[in-house]
Structures are given as C-alpha cells and as structure tokens.
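This is the structure I want to talk about, given as structure tokens.
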Amino acid sequence: MSEEKKSLNFIEHIIEEDLRNGFSTDDLRFRFPPEPNGYLHIGHASSICLNFGLGLTYNAPVNLRFDDTNPEKEEQEYVDAIKRDVSWLGFEWNHECYASDYFPHLYEWAVELIKQGKAYVDSQSSEEIAAQKGTPTTPGKESPYRNRLIEDNLDLFERMKNGEFEAGDQVLRAKIDMTSSNMLMRDPIMYRIMHKYHHRTANNWCIYPMYDWTHGESDYLEQVSHSFCTLEFAMHRELYDWFLDQVYDSEKIRPKQREFARRNLSHTVVSKRKLLQLVKEGHVTAWDDPRMPTISGLRRRGYTPNSIRNFADTIGIAKRENLIDVSLLEFCVREDLNKIAPRVMGVLDPVKVVITNYPEDGEEWLDAENNPEDEVMTYRKVPFSRELYIEKEDFREEANRKFFRLKLGGEVRLKNAYIIKAESCVKDENGNVTEIHCTYDEDSRSGSGTEASMRKVKGTLHWVSVAHAQEAEIRIYDRLFADAAPDSHKDKNFLEFINPDSLQVVTGYVEPSLASAKVGERFQFQRIGYFCVDKDTTNDQLVFNKTVGLRDTWAKLESK
RNA sequence: UGGCCUAUGGUGUAAUUGGUAACACAGCUGAUUUUGGUUCAGUCGUUCAAGGUUCGAGUCCUUGUAGGCCAACCA
C-alpha cells in the first residue's frame, strides 16, 4: 500500500512553516475552547476535528477549555453535554480547563496593567461609553476618566472586586487608542461587574473578565502554541496580541491566533443562538431532536462518529464563505453505515399479501444475510408464512416494464425467500388495494440451490410475516428547513423557512429479530434506508429514527 | 468616508509555493447485483475582471468588481 501524499490546508501550512523556522514539535499544543452556553453542532465538529486532529498528527496535547466568563448564559448542563459530545466523537483531551480557573491570575495581571498606567476604571454608563466609541469610519473620544490617578484606579478596581458597586457602575478598560481604525482597540473593556452566580466559582467573584482579556491569556497560561478560531475574530487578533504583549515572557511559548471560516450546512442553521431559539420556542423537541444539526441530534438520528469525522475531513478548512450541501453529510453516513449496519427487513407502509398455495398454518424460518459487505457472511432466521406485509408502493395492478416490482400476472423475488406471482387483488369501496393474492413457486427458495431458485427475476422485495411482525413506531425525518440557507435572507426570519413536514411518524412492521434491539443500535432496513433505535423505546414500544434513506435511483427516474 | 478578510466546476477543497488545474460530492451513461443499495467503468464541467512582470501566472504586482466581518459591560 503506497501512502498518498496528503495535501495540507492553510492551517497545516502555517504549522509546517513554523516547524521549518525552528519551532519545536514538542512545543506544539492546541485547544478546543467552547463557551458552555449551548450544545455543540456540526460546525463545532469541524473545529474539534481540526484541533484534535492536529493533536493526533503531531502527537501534541489538546486541551478542552471552557470559555466560561459570562455567568449569565453559561450552565453546567452545557459543560456536561460538550464533554459527552467531544468524547463521543472519539477524541481525548489532555487537560480539562476552565477560563474561570484563571480568574485570580487574570486579576493580578489586571492590577499590574493598572500600575503600568495601561488600564483604568471608567465610571461612565455603558451608553456614555458607547457614544464615545465612534463608528467604523469616525474615531472615538477619550473618556473623562481615562487619566485617573493610578492609586485611584487601584482602589476603585479593588472595590469593584469587593462588591462595593452595582452592576454597570464601573468597568475596567485597557488604555490603548480611541482613534484606532480597529474599534476593538478603542479602550476595550476588560472587566465588568456582575452579581451573578457562576457554575464553577459560585459567588466568589462579582467582576468577570471579558473574552478578549481572557482568551489570549488563557492560551498563554496553558502554553497553547496555535489558537484557531473563526473568521469573525480576525479583528480581535490585534487586541489578542496587545494583551499578550503586556504579560509575555520571551522564555515562554507565545500563542498565535489564526482564523478560519466557519462551516455552513445547507438546509439548517449553525448558530447556537438560533438553535436555542428552535428549542425554546418548541419548533423541535430538544437540543438532541434528530432534526437538529447538533452533535447530540445527529447521534440520536443514528449518525456515527466516524461519519462525522470523515465529513469534517472531506469539507476541509479554508477562509472563504461556504455553504456545504447536506447531501455530502448524507453521503458520509451512508458510506459508513453501508459497511457496518446489519440488514433487516421492515415494512413502513404495509399492504397484505396472501400466498394462496402456501399451507394455512405453514411456517418456515429462512436464512437471511446479515450484511453482504462483511467478509464472512453470517445469517439470521426470519419467519415466512402464508400472509405477509409488503410496501404498498411495491405493487401496481399494471405498470410498464420499467417497474420492476410486483404487478398482476408478474413475478417478483421475496428477499431471502421465494419467487411469487401476483394473481389478483382485493380492493375496498374506495378502490384501494387491501390484499394481494399471490402464488409462490415452492422450488424457488433462496439458497436452496434448485434450478428454480436460480431463476432471474427483475425485482426483489422486502417483506415481513404478518403473524410474526413486530410493530414499531418509525420516525421519518426530512430537512428542518425548506430553504438551503434559511438565515441568509436579510428581510426574512429564518423561522419562516421551517419545513412543516420535517417529522412524519408512522407505524411499521419489522422482523421479529428486532424485538431485542437496543437503544442506539443501527440497522439498514433493506431497500429503504438506515434506522436506529431511539431512546424513547420502551419494553412494549419499539421506536426507530430514520437516519437517512438509501440512494434511490428509482425515485429519481419516477420524478422525471 | 475607514479598516480587515475572501474570490478555483453546481457544491466543498487541493495544486510539490511561478511549471500539464486535480480530488470528493452532486448530475448524467452503461455494466454487475436475490437491496432500483453496494461495487465497477465512463461522462459533463473550473481559476471574478482588466492590465502588468515572466519563456511560463490559479499562484507575484497594480487597479477594479463582488461578497463577508467590525460601533455587545456576548463569545
């Protein structure tokens, strides 16, 4: 096997160049820094795969760091969910870190900055501060408190920490440049007062550091070498570097921030805020609703970690705007599931077939292939009897030769069983077919080796014996949004594009071997698609989620 | 009347750093098949524009054009 030379993305090029310039591989260290204010989604999966993937290729440690500087939005529930999702994706972090662990250190550094005259306490309201900030095209004005005495700043800042002020009364600002073309450099706020309970530090603090002041210093404290974030932070880089300059010791590793474009998936949204809205307003049942593009939703839908990693790998990392078609994600699950999912038979929209020349009380347990993709074929037993269910759409009274399925006077193979011929059908008063009467060729049993069993018939149908069928609730999902980019319309709310038919619940009949299926197990319902057992399954109710359909070239033909 | 970033088939991403534009998905043909699945073979189609440097430009330079981001005590 010759190893293909793998092409590198721009991030890997940056690392390779640093290595060429003398940076030691041993000093490489990465981090994945989620804010615990929501569940991880498919976009985060790209970032996770990037950072942890880099850790794997360079044998470097990767920290999981919670960016928990805003107690207003953050919760332990999200911390737990994030850890579960990263682990499930198959990655191991070196240290589990929290920005809140650095609060004391950050505070000391802030005091140092004040002493150096590089930070000051501003006693204005947020409105006043905003008014002085200027706009992208006009410079800002300096705060009247900008040149406060160092000892006054020290005193005020300590009193802020001690809880002597109400939220909003004071802030600590870095003294940089109110005329900078980069608005983030116009004396950015480092600390604000919040009398809020924090999920880790409880009520120990009533001042909380802002993102810019926290993030780079956290990277530095952890000695992260490369800090990757999304494009909207590109302008923050100048500030990131400025803050780093204030504390940097040249003996240590200086973290480097670089930005990549977030991945957008068609027919959904990847924004924690919007996903939260979908949950809160009840458009979906929960963060792990199988229609959600969250990691937990995809997991519940039946996606495999492997398929998501392959997807991330296939779409790559770059800096341009993008909208990745879901069909690529779907390809990745099918690719994986085709190899690993056991084949079973289930009928979702049943119509009864009666084999008139089969004994009334006859019953046979036939061998059925578990997965033709396996190197060594294994088999299970499926019951066959006189009355069966097949899919309604697999029968037509008459049809042209392109219809390979069952039609009056025509023959078809029942998968793993016999060749049958449709003789007549029974209809209700509305003309709907309620029963199809067939005869079977008793010499044609699959695998029997008889001449009749080798006969070529064009169509093969899946089926389930009525007497042995296991009833199951089947949840069939379609895209959550009808529009490819629901949140790209300036004049329309993304909710307007919700697909009202994204969930369809039907009662289906599956082969009895599925009675013992466990939550999370994945199967291919032959000729239909991939399904997995939902957590709502109980002892007397099986529930399946449809992960994705099989490629359906017949449906494509028909729609032409 | 600012600053930063980006532009490669329908979609996503590459191109040994200036040397034949390729890979995957999607589409289309056909073959195989006891899943209209899988597999296999084939096919369609690409460097934003205009100049410039060069023997040679997707890559470098200039000027445009288009799109994204920046005025939260969010991250």
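Every chain is numbered from 1 and lettered A, B, ... according to where its sequence line falls, protein lines coming before strand lines.
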Problem set entry | Atom P, compared across B:rC74 and B:rU17: separation rounded to whole Å |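 Approximately 48 Å lies between the P atom of B:rC74 and that of B:rU17.
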Exercise. In whole Å, what separates the P atom of B:rA26 from that of B:rU11?
Worked result: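 Nearest-Å result for B:rA26 against B:rU11 at atom P: 16 Å.
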For this session: Remember a base hit wins even if backbone is also touched, and classify A:L323 as base, sugar-phosphate or nothing at under 4.0 Å, heavy atoms.
Result: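 Sugar-phosphate: the residue A:L323, judged by heavy atoms under 4.0 Å, touches backbone atoms but no base.
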For this session: If the plane angle is over 60° it's perpendicular, under 30° parallel, otherwise tilted; pick one for A:H198 and A:F103.
Result: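 The rings of A:H198 and A:F103 stand perpendicular, inter-plane angle above 60°.
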For this session: Can you tell me, in whole Å, how much space there is between the P of B:rG10 and that of B:rG42?
Result: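 After rounding to an integer number of Å, I get 23 Å for this pair.
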Problem set entry | Set of residues satisfying salt bridge (charged side-chain N to carboxylate O under 4.0 Å, His left out) with respect to A:E158, sequence neighbours excluded |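 Salt bridge (charged side-chain N to carboxylate O under 4.0 Å, His left out) list for A:E158, sorted by chain: empty.
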Exercise. How do A:G316 and A:L328 order along RNA chain B: which one's closest nucleotide is nearer the 5' end?
Worked result: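 On the 5' side of the pair lies A:G316.
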For this session: Based on the glycosidic angle (syn within 90° of 0, else anti), state the conformation of B:rU17.
Result: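 This nucleotide is in syn.
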Problem set entry | Beyond-backbone contact of A:M345 with A:E511, side-chain heavy atoms, under 4.5 angstrom |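 The answer is yes; the side chains approach within 4.5 Å.
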Identify each atom pair where a protein N or O and an N or O of nucleotides 66-68 of chain B are less than 3.5 Å apart, giving names and distance.
residue, atom, partner, partner atom, Å
B:rG68, OP1, A:K490, NZ, 3.2
B:rG68, O2', A:E321, OE2, 3.1

For this session: To the nearest Å, give me how far apart CZ (A:F260) and P (B:rA14) are.
Result: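 Interatomic distance, CZ of A:F260 to P of B:rA14: 13 Å.
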For this session: May I have the distance from A:F10 (atom CZ) to B:rU13 (atom P), rounded to whole angstrom?
Result: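 From A:F10 CZ to B:rU13 P: 11 Å.
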Exercise. Which part of the nucleic acid, if any, lies within reach of A:H462 when heavy atoms closer than 4.0 Å are counted: base, sugar-phosphate only, or nothing?
Worked result: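 Since no nucleic acid heavy atom lies under 4.0 Å of A:H462, the category is nothing.
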Seminar exercise, completed: Its contact letters, B for base, S for sugar-phosphate only and - for none at protein heavy atoms under 4.0 Å, make nucleotides 29-48 of chain B read S----BBBBS----------
Exercise. A:R186 and A:D177: salt bridge (Lys or Arg N to Asp or Glu O under 4.0 Å), yes or no, with the steps?
Worked result: CA-CA 5 Å; A:R186 325 240 263 227; A:D177 177 8; over 6 Å; no
Exercise. Under 3.5 Å, is there a donor-acceptor pair between the side chain of A:R343 and the main chain of A:Q526?
Worked result: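 Side chain of A:R343 to backbone of A:Q526: no pair is present.
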Exercise. With a distance cut-off below 6.0 Å to the six-membered ring centre and an angular limit of 45° from the axis, does A:K161 pair with A:Y107 as a cation-pi contact?
Worked result: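 Checked: cation-pi criterion met.
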Problem set entry | Between B:rG12 (C1') and A:N322 (CG): distance, integer Å |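 Distance check: A:N322 CG to B:rG12 C1' gives 8 Å.
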For this session: Could you tell me whether A:E222 and A:R65 make a salt bridge, using a distance below 4.0 angstrom between a side-chain N and a carboxylate O?
Result: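 A:R65 and A:E222: salt-bridged.
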Exercise. Rounded to whole angstroms, how far apart are CD on A:Q257 and C1' on B:rC4?
Worked result: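 Computing the A:Q257:CD to B:rC4:C1' distance gives 13 Å.
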Problem set entry | Side-chain donor or acceptor of A:N51 paired with backbone N/O of A:F228 under 3.5 Å |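 Judged by distance alone, no pair lies under 3.5 Å.
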For this session: Please report, rounded to the nearest Å, how far the P atom of B:rA26 is from the NZ atom of A:K556.
Result: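 After rounding, the reported distance stands at 8 Å.
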For this session: For nucleotides B:rC55 and B:rA22, find the distance between their P atoms and express it as a whole number of Å.
Result: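 So the two P atoms sit 26 Å from each other.
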Seminar exercise, completed: Intra- and inter-strand pairing of RNA chain B, written as dot-bracket with Watson-Crick and G-U pairs under 3.5 Å and | for the latter, reads .((((((..((((.....[..)))).(((((.......)))))....(((((..]....))))))))))).....
Problem set entry | NZ/NE/NH1/NH2 to OD/OE distance under 4.0 Å, A:D187 and A:K175 |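 Answer for the salt bridge query: no.
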For this session: List in chain and number order the residues that pass salt bridge (charged side-chain N to carboxylate O under 4.0 Å, His left out) with A:K141, two or more places apart in sequence or in another chain; answer none if no residue qualifies.
Result: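 With neighbours one apart ignored, the set is empty.
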Problem set entry | Rounded distance in Å between the C1' positions of B:rG51 and B:rG12 |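 Per the computed distance, 32 Å lies between those C1' atoms.
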For this session: Let me know the distance between CG of A:N264 and P of B:rU11, rounded to the nearest Å.
Result: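 These atoms are roughly 14 Å apart.
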Seminar exercise, completed: Nucleotide by nucleotide, nucleotides 69-75 of chain B touches protein heavy atoms under 4.0 Å in the pattern (B base, S sugar-phosphate only, - none) --B-BSB
For this session: Take atom CD of A:E12 and atom C1' of B:rU13, then tell me their distance rounded to the nearest Å.
Result: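 To the nearest whole Å, that distance equals 12 Å.
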Problem set entry | Salt bridge A:E17-A:R258, side-chain N to carboxylate O under 4.0 Å |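 Salt bridge between A:E17 and A:R258, a charged N being under 4.0 Å from a carboxylate O: no.
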Exercise. Under a 4.5 Å cut-off applied to non-hydrogen side-chain atoms, are A:I15 and A:F30 in contact?
Worked result: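 When only atoms from C-beta onward are counted, A:F30 and A:I15 do touch, with a gap below 4.5 Å.
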For this session: Using the C1' atom on both, measure B:rC73 against B:rG67 and round to a whole Å.
Result: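 Per the computed distance, 32 Å lies between those C1' atoms.
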For this session: Could you give the distance separating B:rU38 and B:rC4 at their P atoms, to the nearest angstrom?
Result: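 It comes out at 49 Å once rounded to the nearest Å.
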For this session: Determine, stepwise, if the pair A:Y191 / A:F157 fulfils ring-ring contact (aromatic ring centres under 6.0 Å, His included).
Result: CA-CA 9 Å; A:Y191 277 95; A:F157 187 48; 5.3 Å; yes
Problem set entry | Pairwise C1' distance, B:rU29 and B:rA21 [rounded to whole Å] |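 The same atom, C1', in both gives a distance of 25 Å.
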Problem set entry | Interatomic distance, A:M185 CE vs B:rC4 P [rounded to whole Å] |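 Roughly 14 Å, once rounded to whole Å.
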For this session: Would you sort out whether A:E391 and A:R527 count as a salt bridge (Lys or Arg N to Asp or Glu O under 4.0 Å), showing the intermediate values?
Result: CA-CA 10 Å; A:E391 300 290 344; A:R527 299 212 309 132; over 6 Å; no
Exercise. Between A:Y240 and A:H236, is the ring centre distance below 6.0 Å?
Worked result: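 No, ring centres 6.0 Å or more apart.
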